[in-house]
Amino acid sequence: MAAGADMASVSMHKSGGSLTQSSFLLTGKKINYGYVRQIINLTQTTSGSYLLMSSLDLSRRNLVRNGIQVFSKVSEMADYARQEINAIGGYYAFGKELINGDSIYDFDPTKLSIHTRDIGLAGIEVYDILRDEYDIQIEFGDIGNILAYLSIGDRIQELERLVSALAEIRRRYQKSSSGLLSQEYLSPEVVKSPQEAFYASKISLPLKESTGKVCSEFVMCYPPGIPILAPGERITKDIIDYIEFAKEKGCSLTGPEDADIEYINVLEGDD
């Protein structure tokens, strides 16, 4: 908020210790918080959860009193984990070395992001192995990375378990990275505005026959929920290959009407 944002949401249940489904909406100095509250009251339930609200207030109180010390400890633990994971070999737990003052302005040290492609496994594959074989539930895995989200509830013992599990996964499952997608971001060709494309006349085509068409719905891996395709973007062969690869690796894909993503909605008569 000090950087000048008008409003921002904070997932306190992830980082601050409150109960799941609870978060804050912060307002900046230029925003009339009374008006924001009035608008929210028009749409939200009148029977709010006092359990969730109480947990938010207890978490807020704890952060006011102990927040600086607590998050200093969390950052130290994350830095320790990065050093240990990078020492394993094959993984890259990236950190503040990426900051360049331009495209990467800053880095959140509490998010332990780990690139897995060099051990021959997609991030979602490492995510599944950690959950199914080691009882370690991390935040998410995508095509080439996993994310472990550290909070005030974590201890050094949990991080040591994660590091040991990753070392064993590398020893047991490492293989050639050939066949894995090396490009994690596909630059979109925007043909129409998202609103225009979403509400336009559309037809459903088999995904493999949609090359060159203009998409009229979202396709995204969730988490993290960054669109592979958005309404109004041109469908290319690279995008179709990406979607097929994500499906093959077991990524959770969401957005289209067809949950299996065998078919996709495109603009009618648009090439």
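Keep in mind that the numbers below use all heavy atoms, side chains included, and drop hydrogens, waters and symmetry copies. Keep in mind that this is a model prediction, so the values were computed, not measured.
In this structure, L159 and A78 approach most closely via the heavy-atom pair CD1-N, 4.4 Å. Of all non-hydrogen atoms in Y263 and P206, the two that sit nearest each other are CD2-N, 3.5 Å. For the residue pair T211 and K237, the shortest heavy atom distance occurs at CG2-N, 4.0 Å. Heavy-atom minimum distance, Y149 versus S15: OH-CB, 3.6 Å.
Taking 4.5 Å as the limit, some side-chain heavy atom of I243 sits within range of a side-chain heavy atom of L253. Between E125 and T116 the shortest side-chain heavy-atom distance does not fall below 4.5 Å.
Side-chain atoms of T110 and D108 form a donor-acceptor pair, as typed in the model, at a separation below 3.5 Å.
Under a 3.5 Å cut-off, the side chain of N100 and the backbone N or O of S103 do form a donor-acceptor pair. With hydrogens and angles disregarded, a donor-acceptor distance shorter than 3.5 Å links the side chain of S210 to the backbone of L207. At distances below 3.5 Å, not a single donor-acceptor pair connects side-chain atoms of S75 with backbone N or O atoms of S72. Listed for the S11 side chain is no donor-acceptor partner under 3.5 Å among the backbone atoms of H13. Formation of a donor-acceptor pair under 3.5 Å by the E158 side chain with backbone atoms of R155 is found in this model. Judged by distance alone, the side chain of E84 and the main-chain N or O of E160 form no donor-acceptor pair under 3.5 Å. In this structure a side-chain-to-backbone donor-acceptor pair under 3.5 Å is present from S49 to L52. Counting only distance, with no hydrogens or angles, the side chain of R131 and the backbone of Q137 share no donor-acceptor pair below 3.5 Å.
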Could you go step by step and tell me if K14 and E139 meet the salt bridge (Lys or Arg N to Asp or Glu O under 4.0 Å) rule? CA-CA 10 Å; K14 289 186 177 181; E139 188 73 7; 3.1 Å; yes
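Applying the ring-ring contact (aromatic ring centres under 6.0 Å, His included) rule to Y222 yields no partners; only residues at least two apart in sequence or on another chain are considered. Every ring-ring contact (aromatic ring centres under 6.0 Å, His included) that Y92 has, sequence neighbours left out, goes to F94.
Atoms CZ and SG, on F198 and C215 in that order, are 10.5 Å from each other to the nearest 0.5 Å. Put simply, CG on L98 and CZ on F107 are 7.0 Å apart, with the number rounded to the nearest 0.5 Å.
Taking the charged nitrogens against the carboxylate oxygens, K247 and E262 do have a contact shorter than 4.0 Å, which makes a salt bridge. In this structure, R172 pairs ionically with E133, as a charged nitrogen and a carboxylate oxygen lie closer than 4.0 Å.
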